[in-house]
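The structure appears below as structure tokens.
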Amino acid sequence: MSPASPSANPHVAAMSAYVPGEQPQGGGWVKLNTNENPYPPSLRALEAIRLALVNEGAALRLYPSPDSSPLREAAARFHDFDAARVVAGNGSDDILNLLIRAYAGPGRPVGMLDPSYSLYPVLAAAQGAEVIRVPIADDFTIDPAAIARCGASVFFLTNPNAPLGVSFTPAVVRKVAEVFPGLLVVDEAYASFAEGDCVALARELPNVVVTRTMSKAHALAGLRAGYALCPAAVAALLHRVRDSYNLDRLAQVAAAAALDDREWLNITVGQIRSTRDRLIAGLRQLGWMVNPAAGNFVLAAPVSTSRAASPETAAHCFEFLKARKILVRRFPNHRLTEKSLRISVGTEQETDVFLAAVAVWMEG
Ligand SMILES: *Cc1c(COP(=O)(O)O)cnc(C)c1O
């Protein structure tokens, strides 16, 4: 007789896993669905990995820096921030998880903008924390007073917002920070593509954390590295609850080298912004409704002469593109996104292929 399946924690048994964007197998795809950088990373990142592997990888025998010193120091240089107040994570998703582990739980809800990143509710559920959603208005504004009274212990403000693509000014975020009584986390995964950022708020205020990732602008999604710029007291708490070696040796040095290569970043971000402008202009010319875009992606509602903007039209266009091995993303579960497709900004050539396929779809 085999033993019965043991019962799990009820809040874990009841939760669902995060659903990541599709990673298609095999070649030939124009992959515009998960906001990865279409260009290879800084050569300095590769050089740092090679250097860490000399003598037949002897250094891999040894545990890495427990607090990711190389990465923390590079992030401090990059942002002109105190390295003692930088906490590194195995991707910024790790940092988001640590923030929830430290600040949320039963009776201590997680707040988030609606719509925003669908990972937050999964991380909240894993800690038994309730989720409170504060809506973004139809004109893409947010209400600081509504966030202030929402009752969350920690609030995630995704800026630029994903999946909408719009950004909120540092002045508006400051207003939120001044009235929200809990910890305000500004998730700046896409800030390198936008006009401003909220690093000064994290430098100044005791209740603001800014999180950053190496996955988007730095083209290192496969590496898994991110970090938080924190008030000193928050950094101390996150160090208590993180894994003792939460970043591997190669990720630490490669991410640090990538941060030090500012020239690579400026060139790559400049190219992606320019392609983004061309993508937006191309879609507007075809009559699509396009959101203002501050990240490396564009949210746009497909229309053609025979089809009005609707969830069905978006689904039809999505399937048409997928059949041609062009992958974009759909967010059918929110009124501000259900009629739209989210298109990551690819290379110039990928953008041409995408726009040409859209032109064909418009004729159907
Ligand atoms: C991509 C993304 C992240 C996380 O990136 P990591 O790969 O875990 O560093 C965090 N927040 C938002 C809003 C993102 O889009």
Side-chain angles (χ1 to χ4, degrees), residues 17-23 31-38 41 45 68 71-72 75 78 86-101 110-124 126 131 133 136 142 154-168 173 184-194 197-198 209-229 238 242-243 246-248 251-252 254-256 258-259 269 272 291 293-299 328-329 331 334 337 342-345:
Y18 176 67
V19 182
E22 196 177 336
Q23 295 290 347
K31 189 173 177 304
L32 305 175
N33 68 329
T34 50
N35 299 344
E36 288 137 332
N37 196 311
S68 303
L71 172 52
R72 287 177 35 248
F78 187 87
V86 180
V87 178
N90 187 31
S92 69
D93 288 351
D94 181 27
I95 298 284
L96 303 175
N97 192 27
L98 298 178
L99 285 161
I100 289 178
R101 196 182 284 170
V110 170
M112 62 185 278
L113 293 177
D114 186 32
S116 67
Y117 190 29
S118 57
L119 179 68
Y120 310 134
V122 177
L123 301 176
V131 175
R133 290 176 167 81
I136 297 177
I142 52 174
V154 53
F155 192 91
F156 292 91
L157 198 162
T158 318
N159 192 30
N161 180 266
L164 294 179
V166 301
S167 62
F168 312 108
V173 179
L184 179 65
V185 180
V186 188
D187 182 341
E188 290 197 345
Y190 300 101
S192 304
F193 305 103
D197 65 41
C198 293
V209 171
V210 164
T211 61
R212 291 278 183 137
T213 175
M214 301 303 293
S215 299
K216 312 282 166 58
H218 288 94
L220 292 169
L223 197 68
R224 311 307 301 134
Y227 54 89
L229 307 172
L238 297 185
R242 66 173 174 78
D243 288 354
N246 61 332
L247 268 87
D248 67 73
Q252 291 185 26
L259 281 171
V269 165
I272 289 171
N291 275 13
N296 65 336
F297 59 92
V298 170
L299 191 81
V328 297
R329 188 98 172 246
F331 295 89
H334 195 279
T337 57
R342 192 192 69 184
I343 308 127
S344 305
V345 177

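All heavy atoms count here, side chains included; hydrogens, waters and symmetry mates do not. Note that ligands are numbered from 1 as they come in the structure, with each ligand's atoms numbered from 1 the same way.
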Exercise. If we ignore angles and hydrogens, is there a donor and acceptor under 3.5 Å between the side chains of Tyr227 and Ser68?
Worked result: no
| query | Polar-atom distance check: Arg224 versus ligand 1, any N or O pair below 3.5 Å? | reply | yes
Quick note on ligand 1: atoms under 4.0 Å from a heavy atom of Thr158 include exactly 13 (C)
Rounding to 0.5 Å, atoms OG1 (Thr158) and CZ (Phe168) come to a distance of 8.0 Å
Interatomic distance, CZ@Arg224 vs CG@Leu247, rounded to 0.5 Å, equals 9.5 Å
among protein heavy atoms, the one nearest atom 2 (C) of ligand 1 is Lys216 NZ, 2.5 Å
Review point. Any side-chain heavy atom of Val298 within less than 4.5 Å of one from Asn291?
Key: no
among protein heavy atoms, the one nearest atom 15 (O) of ligand 1 is Tyr190 OH, 2.6 Å
Practice problem: Would you indicate whether the side-chain heavy atoms of Leu32 and Pro38 approach each other to under 4.5 Å? | Solution: no
| Between Thr213 and ligand 1, is there a nitrogen or oxygen pair with a distance under 3.5 Å? | yes
Return a yes/no value for Tyr120: is any of its N or O atoms, backbone included, closer than 3.5 angstrom to an N or O of ligand 1? no
Quick note on ligand 1: atoms under 4.0 Å from a heavy atom of Gly91 include exactly 8 (O), 9 (O)
of all protein heavy atoms, closest to atom 11 (N) of ligand 1 is Asp187 OD2, 2.7 Å
Counting heavy atoms under 4.0 Å, the part of Asp93 that contacts ligand 1 is both
| said: Would you say Asn35 and Tyr190 are linked by a side-chain donor-acceptor pair, where the criterion is simply a distance under 3.5 Å? | reply: yes
(Q) Using 30° and 60° as the class boundaries, would you call the ring planes of His218 and Phe78 parallel, tilted or perpendicular? (A) perpendicular
Is Met214 near ligand 1, meaning one of its heavy atoms is under 4.0 Å from it?
no
Q) Taking atom types as modelled, is there a side-chain donor on Ser167 or Asn159 under 3.5 Å from an acceptor on the other? A) no
Looking at ligand 1, is there an atom of it that comes within less than 4.0 Å of some heavy atom belonging to Ser215? yes
Honestly, for Ser92 the part within reach of ligand 1 (heavy atoms, under 4.0 Å) is both
